[in-house]
There are 2 protein chains.
Amino acid sequence: MNKRATIGDVAKLAGVSTATVSRVIHTPDLVTDSTRKAVYSAISQTNYTLNLAARNLRQQRSNAIVVLVPDIGNTFFSEILAGIERVASSAGQTILIGHTAHDHMREEKYLNNLLNSQADGALLLNGHLPASVATKIGETPGRRLPIVSVSEALADQIVPHVGIDNDRAAALVTQYLLDHGHRRIVHLRGPVSNILTCQRAKGFARTMKAAGLQVSPDMFLDGDFTIESGIAAASVLIAAGSMPDAVLCANDEMAIGLMSRLAEHGIHVPQDVSVVGFDDIAFSRTAQPALTTIHQPRAEIGERATRILLELIAGDNDASNMITTLPVELVERASVALNRGFTAT
Amino acid sequence: MNKRATIGDVAKLAGVSTATVSRVIHTPDLVTDSTRKAVYSAISQTNYTLNLAARNLRQQRSNAIVVLVPDIGNTFFSEILAGIERVASSAGQTILIGHTAHDHMREEKYLNNLLNSQADGALLLNGHLPASVATKIGETPGRRLPIVSVSEALADQIVPHVGIDNDRAAALVTQYLLDHGHRRIVHLRGPVSNILTCQRAKGFARTMKAAGLQVSPDMFLDGDFTIESGIAAASVLIAAGSMPDAVLCANDEMAIGLMSRLAEHGIHVPQDVSVVGFDDIAFSRTAQPALTTIHQPRAEIGERATRILLELIAGDNDASNMITTLPVELVERASVALNRGFTAT
DNA sequence: CATTCCTATGTAAAGGATTACATTGCTTCT
DNA sequence: AGAAGCAATGTAATCCTTTACATAGGAATG
């Protein structure tokens, strides 16, 4: 028992050929009861386990998909992952999570290493497709590379995408603030290189303009989706000396960071300033006050994306589902108040 | 360009043998400048990419380690993962994250599928080793299976472990509460099947006894490490009609859930009841009030565990590091008050 | 009874890399 | 000049499965 048993060892012990052993594993129905039993017994005697590297090599496929996640610590992604896993595992696919940490090198590493031999397809939650891979997509126009972008859109729409309409979601929440009488609204953005950030900022600006409000650069604060950047943004507001009516944060982490810093300074949400977030992560419910935010159907986003990916892998090249947009929902909690002295029109 | 180029195609185009191409990729120094250039050029002309399945098969190793995580959404794990990745990637290992969701079937699937051919070793963050794998460890006493348990200990100490001393950490924080004059302390546990839960509960009970306090079943509440179970525990306390002096929660999520529910009922932390958590996740800083908790050196835990795993894979079977215990730190924030009418002895 | 068809199994060829060993020229030393 | 040693490259075996094709025996059919 020094080395791992191979299919040959099992075959010898059971007195059959390797082909038969393989059939017992793969398609048991093709094999007689008696031989099947003999093979099973030999398998357990030898402690045989399949060598997946060999199978993958032979079958030219790995039954695994790789999921690129920019930040595992962000709870927003875990529910998407849950949806992905549900569909993938019921289709017999293993999922491999690659943590990219917003690092383009890692993205490329995971995609090159895995896509080209260890995985059959990829789900991109990171909003970035390395140039080397993008090139390859262009080169094979017939057979699309099995890649789907999820939640965060790519700069070029060259692979199918599943997500929400960020522009309209931002417009929705902006209008909600306007309806509550807020006029001086500040938008705490994500990193400007992020597509999602741009879409949300656009929806915000458009809605403000439509309400007859001037959009100026000082209505924007820059963050990077972390709690810390929310805290920093609060410090900026505090230093400025006057609070806006409301702050629209591009995600919940920043909103929570912002609120905690405001609380330290005795500034009350929503009495002194209203705050809204984006994503509806678990901690938005436990924030003080509970955070009003935009809820995304995360599990469904993951499920849909995975189904599309599986179709691509199977070769069902239905171009109809290039863009899947799922609806969002505004979750009203306690972080937005009616503006002082405002009366609904 | 219908099929993927193989090393043979590159060799033909460059006018060399496959061995030379392999050497250019693997050990470029062994090859002349001119041939190296020719091979590189052939590689880019053919769009050649290595087939890792073939390499893994031949080399009998995958240069990948699998990390089993029980709950990706729990922010506690992400910093451990960051430590793991730092060490692993500098050693040229890819890491594959398997999300087990506390599901023993999945644990087994990931370990069997991956350990036996797609990964060289495993890091267990899930506190459970499937029986089928445990058996195999016993069978090969000479060559230890490359597995390391991290943070959450296993029931049987059969693989190296890296983590903290949960018993003493719980004792530390319990003593801290006692020193602040609290006597009626309730411990909100994790699931009782969890080793970590038992260790922390033991440290708590021991310290209470040492202070001359009776330990009774009604000093324990049961949770499952989720925010929801923290909220539920708060409801139980509220329904009971009287608050204890302090609540020691087995993790931060539950502490945060608990505090949010108390706040809804107008019960103030720490004036009415003190609360402490465990783990020091990012959101413990933004909680209202900021949560006093036990900080674990998460990144270092991940790094140490990975180093030990790499040694095991390399065959450096140094039995000296079966148990690595790292120090914890009590982070004082704002969720613990001096008990009313208490004077330090 | 001869033919055909099926079922259960075996034989052997991929699949794409790595690598031990062999080979071929050179350089260098005596 | 002959021997030895070295550097660069080639040849071919190997890793372990899957699977197309072949075969053998038995049942069904005419």
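Only heavy atoms go into these numbers, but all of them, side chains included; no hydrogens, no water, no symmetry mates.
Applying the salt bridge (charged side-chain N to carboxylate O under 4.0 Å, His left out) criterion to B:R304, with sequence neighbours excluded, gives B:E300. Here B:H161 pairs with nothing under the ring pair (Phe, Tyr, Trp, His ring centres under 6.0 Å) rule; sequence neighbours left out. For A:D156, there are no side-chain hydrogen bond (donor to acceptor under 3.5 Å, both in side chains) partners at least two apart in sequence or on another chain. In this structure, B:E152 has no salt bridge (charged side-chain N to carboxylate O under 4.0 Å, His left out) partners at least two apart in sequence or on a different chain.
Using a 4.5 Å heavy-atom threshold, the side chains of B:S41 and B:K37 count as separate. With a 4.5 Å cut-off on side-chain heavy atoms, A:L154 and A:V159 count as touching. Looking at B:N63 and B:L52, their side chains never come closer than 4.5 Å, going by heavy atoms from C-beta outward.
Straight-line distance from the CG atom of B:L52 to the C1' atom of C:dG15: 15 Å, rounded to whole Å. Here the P atom of nucleotide C:dG16 and the CZ atom of A:R61 are 15 Å apart, to the nearest Å. Rounded to a whole Å, the CG atom of B:L50 is 12 Å from the P atom of C:dG16. Distance CD1 (B:I25) to C1' (C:dA17): 9 Å, rounded to an integer number of Å.
For the pair A:Q60 and C:dG16, the criterion of a side-chain N or O lying under 4.0 Å from OP1 or OP2 is met. Remark: B:S22 is in phosphate contact with C:dT18, judged by side-chain N or O atoms under 4.0 Å from OP1 or OP2.
Residues B:Q118 and B:N56 bring no donor and acceptor atom of their side chains to less than 3.5 Å of each other.
Near DNA chain C, meaning a heavy atom under 4.0 Å away, there are no residues from residues 5-12 of chain A.
Two end axes, each from the C1' atoms of five base pairs, can be drawn for the helix from C:dC1-D:dG30 to C:dT30-D:dA1; they diverge by 50°, to 10 degrees.
For residues 50-70 of chain B, there are no salt bridge (Lys or Arg N to Asp or Glu O under 4.0 Å) pairs, not counting sequence neighbours. Identified under the side chain to side chain donor-acceptor pair (under 3.5 Å) test for residues 90-102 of chain B, with sequence neighbours left out: A:E85-B:H99.
Nucleotides of DNA chain D lying under 4.0 Å from heavy atoms of chain B occupy a range whose first and last members, 5' to 3', are D:dA8 to D:dC16.
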Please tabulate, one pair per line, all N/O donor-acceptor pairs under 3.5 Å involving side-chain atoms of residues 121-134 of chain A, not counting sequence neighbours.
residue	atom	partner	partner atom	Å
A:N126	ND2	A:E107	OE2	2.9
A:N126	ND2	A:H128	O	3.3
A:S132	OG	A:E108	OE2	3.0

List, one per line, each side-chain donor-acceptor pair under 3.5 Å for residues 16-31 of chain A, sequence neighbours excluded.
residue	atom	partner	partner atom	Å
A:S17	OG	A:A19	N	3.4
A:S17	OG	A:T20	N	3.4
A:S17	OG	A:T20	OG1	3.4

Check your understanding: Which letters describe nucleotides 8-13 of chain C, given B = protein heavy atom under 4.0 Å from base, S = only from sugar-phosphate, - = neither?
Key -> SBBBBB
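In this structure, the side chain of B:D9 engages the main chain of B:T6 through a donor-acceptor pair within 3.5 Å.
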